[in-house]
Amino acid sequence: MMAAATPPDQAARTGASRTSASRTDADAPTAGASVSGNAGAPRVNPLQRLWLREIGMERLWLRQEPAAPSRPAAAQAQQPASAPAAGAGPAAAPAAPAAAKASPAAAPAAAPAAAVRSGPPPRPPARTREASPDPAPAPTPAEVAERVRDASLEELSAQVQACTACGLCHGRRHAVFGHGGQPTRWMVIGEAPGEQEDRQGLPFVGRSGQLLDAMLASVGMSRERDVFIANVIKCRPPGNRNPKPEEIAACSPYLMRQIALLKPERILVVGRFAAQTLLGTDATIGNLRGRIHRFKDESGREIPVVVSYHPAYLLRSPSEKARAWQDLRLACSQL
Ligand code: URA
């Protein structure tokens with residue numbers, strides 16, 4: 001999905017294990033780091049914008065008037081699924097991590113017009129839903145967005161554990177909701193769970209997690225106390241491959257709601273994938289580092305965002321730790 005150019009990215013691609021290594025610090029063409037929509041265009045969040053771009057509908061969709069309110073919800077349900085149809089209902093979902101209270105997901109609700117407006121566009125018509133023995137269709141991103149709209153953090157966690165919105169649910173041991181202290185001073189956003197995270201149901205528990213903890217400790221921060229760590233994608237992609245645009249679109253409502261609920265003072269995005277996804281840009285880590293970005297949450301609150309290297313990349317390229325230290329100092333400064 002992302003083009004490669006820089007030495008860091010080349011190094012990343014030689015990494016044996018994912019832990020975001022392969023998507024940590026790459027370069028890609030073009031820019032467009034705006035996180036807010038064009039005036040007059042339908043409002044989409046950065047992840048939705050990325051998805052629109054991926055499927056070549058960004059211009060078309062953003063040029064449109066808000067989706068016609070008369071568009072029947074049933075028509076939504078007819079849209080081909082972006083992923084293999086959900087096979088696992090809540091009962092078939094793997095055990096949730098101890099912190100998560102599993103609760104049956106509600107039947108896919110009809111997406112009201114408002115949810116259709118703010119959600120991602122219809123699926124590309126060329127694709128068709130794969131046959132599945134399970135009649136329950138995977139909820140669309142708009143339906144997921146509608147379900148999470150008023151969810152508390154606890155409810156959101158339960159929804160993530162039971163999520164069947166994309167095919168990643170079939171291969172997971174645990175969905176990884178995120179973990180951290182509250183009130184949340186910093187939110188750290190990575191890419192997706194790796195093998196250890198999938199096993200344990202917690203984010204950043206491997207070697208890169210140890211490094212992340214050490215980095216946070218160096219500026220007096222702790223995931224137990226004041227940092228909440230989450231990922232863009234809540235379920236491990238098989239073989240640690242890059243998350244697909246439709247997986248990002250399906251998962252993005254959870255991250256958006258997490259940010260809105262946690263109200264972090266700062267967001268530290270680690271790695272190329274998370275930075276590009278959250279900021280809705282193809283710019284390189286090198287271009288994104290060293291300055292403050294602003295992320296507008298659901299309520300319009302602007303949160304300062306600092307971009308840094310992924311810890312997995314730093315493990316392979318320790319000489320870059322000095323730059324990561326600069327990033328942490330920037331995040332500590334009065335923004
Ligand atoms: N890499 C990530 O981006 N997130 C994790 O949780 C673990 C490794």
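In this text the structure is predicted, and so the values were computed from the model without any measurement. Every number for a ligand or one of its atoms is a count from 1 in the order of the listing.
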(request) Examine N231 against ligand 1 and note whether any of their N/O atoms are separated by less than 3.5 Å. (result) yes

(message) Exactly one of Q258, Q161, E247 should register a side-chain hydrogen bond (donor to acceptor under 3.5 Å, both in side chains) with K234. Which one does?
(response) Q258

(message) Is it the case that ligand 1 has an N or O less than 3.5 angstrom from some N or O of E197?
(response) no

(message) Between ligand 1 and A192, is the shortest N or O to N or O distance under 3.5 Å?
(response) yes

(message) I'd like to check which ligand 1 atoms, numbered from 1 as shown, lie under 4.0 Å from a non-hydrogen atom of G190.
(response) 3 (O)

(message) Test your reading of the model: is there a side-chain donor-acceptor pair from Q159 to the backbone of R147, 3.5 Å cut-off?
(response) yes

(message) When you compare the side chain of L328 with that of S308, does any pair of heavy atoms fall below 4.5 Å?
(response) no

(message) I'd like to know whether E298 forms a side-chain contact (heavy atoms from CB on, under 4.5 Å) with M256, so could you lay out the CA-CA distance, the side-chain angles of the two residues, the decisive distance to 0.1 Å, and finally the verdict.
(response) CA-CA 7 Å; E298 291 170 0; M256 295 301 118; 3.9 Å; yes

(message) When you measure from the heavy atoms of Q196 to every atom of ligand 1, does any distance fall below 4.0 Å?
(response) no

(request) Take I248 and F273, measure what side-chain contact (heavy atoms from CB on, under 4.5 Å) needs, and give me the verdict at the end. (result) CA-CA 11 Å; I248 299 169; F273 172 87; 3.7 Å; yes

(message) When you compare ligand 1 with F204, is there at least one nitrogen or oxygen pair between them that comes in under 3.5 angstrom?
(response) yes

